[in-house]
Amino acid sequence: MSQQQRKSIVVLTGAGVSAESGISTFRALDGLWQNHRVAEIASPQGFAVNPSLVHRFYNGRRQQLVSGTVQPNRAHLALAELEARFRGKFWLVTQNIDDLHERAGSEKVIHMHGELLKKRCAHCGDIGMATQALKITDTCARCHRTGGIRPHVVWFGETPLRMGEIYDALKCCDLFIAIGTSGNVYPAAGFVDAAAAVGAHTVELNLEPSAVESAFAEKKYGPAGTLVPDFISRLEG
């Protein structure tokens, strides 16, 4: 089925896409960050015990993201071009918390794991932009309480965002593409099954086979910056 015949596309992107832009991932940390377990810096419990440590970790990642040293790569740009040209329904679901898809020009992005450049108040739920370092002394603009400002990021043990929208999209798609995902993290690892259940063609584009590669009808392996533009070019052709 050509792009012209397709009516709905869902794309899932993971850390493998952003890694080619120079953004390190949790998995690249081998479970540790400066001798701290990932759970200490990426869980509600870790934030409650040592919020300063958590802020220090995310402030570093945020600084890298806004420093100008990280830019969208060819995979990001190709997906933005696909969205712009595709005449049907298009959803780009990402597990990444950076803004590289948006910088590349993508508009219909669902950040299921949150966004690094946003903050959330643990007291009242207010969400705002966060391009500067966060501190435990920061005050919420809505409820005016301190100590509750945290990164707007989904931590271990928390429910990913906008899941209803994502499953609604999967229920009506005829093409599902997973790019740069490990297949180890649920619920995202199960999206291929949801898409296949409604008859969608499923494609894995990854550096190496994921934990759920057997669920995909089509798979290609190599760097996302090469695979994604080539695949989209063939799809459009």
Side-chain angles (χ1 to χ4, degrees), residues 11-29 33-34 38 40-44 46-47 50-77 79-80 83 91-156 158-163 165-166 179-181 185 188 224:
V11 177
L12 170 69
T13 63
V17 174
S18 292
E20 290 188 30
S21 290
I23 294 181
S24 59
T25 68
F26 280 126
R27 295 190 181 279
L29 302 173
W33 177 73
Q34 295 184 2
V38 170
E40 295 180 69
I41 54 176
S43 72
F47 183 69
N50 195 339
S52 294
L53 174 68
V54 174
H55 280 316
R56 185 155 57 91
F57 172 75
Y58 285 98
N59 286 342
R61 300 190 74 190
R62 189 179 299 106
Q63 182 178 18
Q64 179 194 30
L65 190 57
V66 301
S67 67
T69 61
V70 174
Q71 299 295 333
N73 60 54
R74 292 182 64 213
H76 295 110
L77 296 171
L79 288 170
E83 178 186 329
W91 292 269
L92 176 52
V93 181
T94 184
Q95 296 172 281
N96 301 328
I97 60 175
D98 59 66
D99 66 341
L100 295 183
H101 282 304
E102 287 87 349
R103 287 197 221 172
S106 293
E107 297 180 357
K108 299 175 182 176
V109 185
I110 297 177
H111 284 272
M112 63 179 295
H113 289 164
E115 300 176 66
L116 185 59
L117 298 184
K118 290 184 178 180
K119 59 185 177 182
R120 183 167 80 246
C121 177
H123 299 307
C124 69
D126 185 57
I127 298 173
M129 296 303 298
T131 56
Q132 304 296 322
L134 299 181
K135 308 180 296 296
I136 59 173
T137 55
D138 287 344
T139 301
C140 175
R142 188 169 77 177
C143 72
H144 308 295
R145 297 175 66 181
T146 60
I149 298 297
R150 53 165 283 183
H152 183 49
V153 173
V154 175
W155 287 329
F156 293 105
E158 296 182 326
T159 302
L161 307 175
R162 302 173 66 179
M163 292 305 298
E165 293 177 61
I166 295 171
I179 306 170
T181 63
V185 180

Heavy-atom pair with the smallest gap, counting every atom of D138 and A133: OD2-O, 4.3 Å
Set of residues satisfying ring pair (Phe, Tyr, Trp, His ring centres under 6.0 Å) with respect to H111, sequence neighbours excluded: none
E40/R56 salt bridge by N-O under 4.0 Å criterion: no
Spatial distance of atom CE (M163) from atom CD (E165) [nearest 0.5 Å]: 10.5 Å
Those residues that, when tested against R145, pass salt bridge (Lys or Arg N to Asp or Glu O under 4.0 Å) (two or more places apart): none
What donor-acceptor contacts under 3.5 angstrom involve side-chain atoms of residues 116-132, with partners at least two apart or in another chain?
| unit_1 | atom_1 | unit_2 | atom_2 | d |
| --- | --- | --- | --- | --- |
| K118 | NZ | E115 | OE2 | 3.1 |
| R120 | NH1 | H152 | ND1 | 2.7 |
| H123 | NE2 | T146 | O | 3.4 |

Between NE2 on residue H55 and CD1 on residue I149, distance to nearest 0.5 Å: 8.0 Å
R150 vs E158, salt bridge (Lys or Arg N to Asp or Glu O under 4.0 Å): CA-CA, chis, key distance, verdict: CA-CA 14 Å; R150 53 165 283 183; E158 296 182 326; 2.8 Å; yes
Inter-residue atom distance I97.CD1 - S18.OG, 0.5 Å rounding: 9.5 Å
CD (Q63) with more than 12 external heavy atoms under 6.0 Å: no
Aromatic ring pairing Y58/W155, orientation class (parallel under 30°, perpendicular over 60°, tilted between): tilted
Side-chain (N50) to main-chain (L53) donor-acceptor, under 3.5 angstrom: yes
Residues D98, V70; criterion side chain to side chain contact (heavy atoms under 4.5 Å, CB included); working and verdict: CA-CA 10 Å; D98 59 66; V70 174; over 6 Å; no
Side chain to side chain donor-acceptor pair (under 3.5 Å) against S67, all qualifying residues, sequence neighbours excluded: T69
H101 and T13 side chains, donor-acceptor separation under 3.5 Å: yes
Heavy-atom closest pair, residues L161 and I166: O-CD1, 3.9 Å
Check: G14 main-chain N/O paired with N96 side-chain donor or acceptor under 3.5 Å: yes
Side-chain heavy atoms of H76 within contact of V17, under 4.5 Å: yes
Distance in Å, R162 CZ paired with I110 CD1, rounded so as to fall on 0.5 Å steps: 4.5 Å
Sequence-distant partners of E107, salt bridge (Lys or Arg N to Asp or Glu O under 4.0 Å), two or more places apart: none
Close side-chain approach of V11 and V93, heavy atoms under 4.5 Å: no
With sequence neighbours excluded, residues passing side-chain contact (heavy atoms from CB on, under 4.5 Å) with T181: L12, Q95, A178
N/O donor-acceptor pair under 3.5 Å between S43 side chain and G46 backbone: yes
Rounded distance (nearest 0.5 Å) linking atom CD of Q64 with atom CZ of R62: 12.5 Å
Nearest-0.5 Å distance, CE of residue M112 to OG1 of residue T94: 9.5 Å
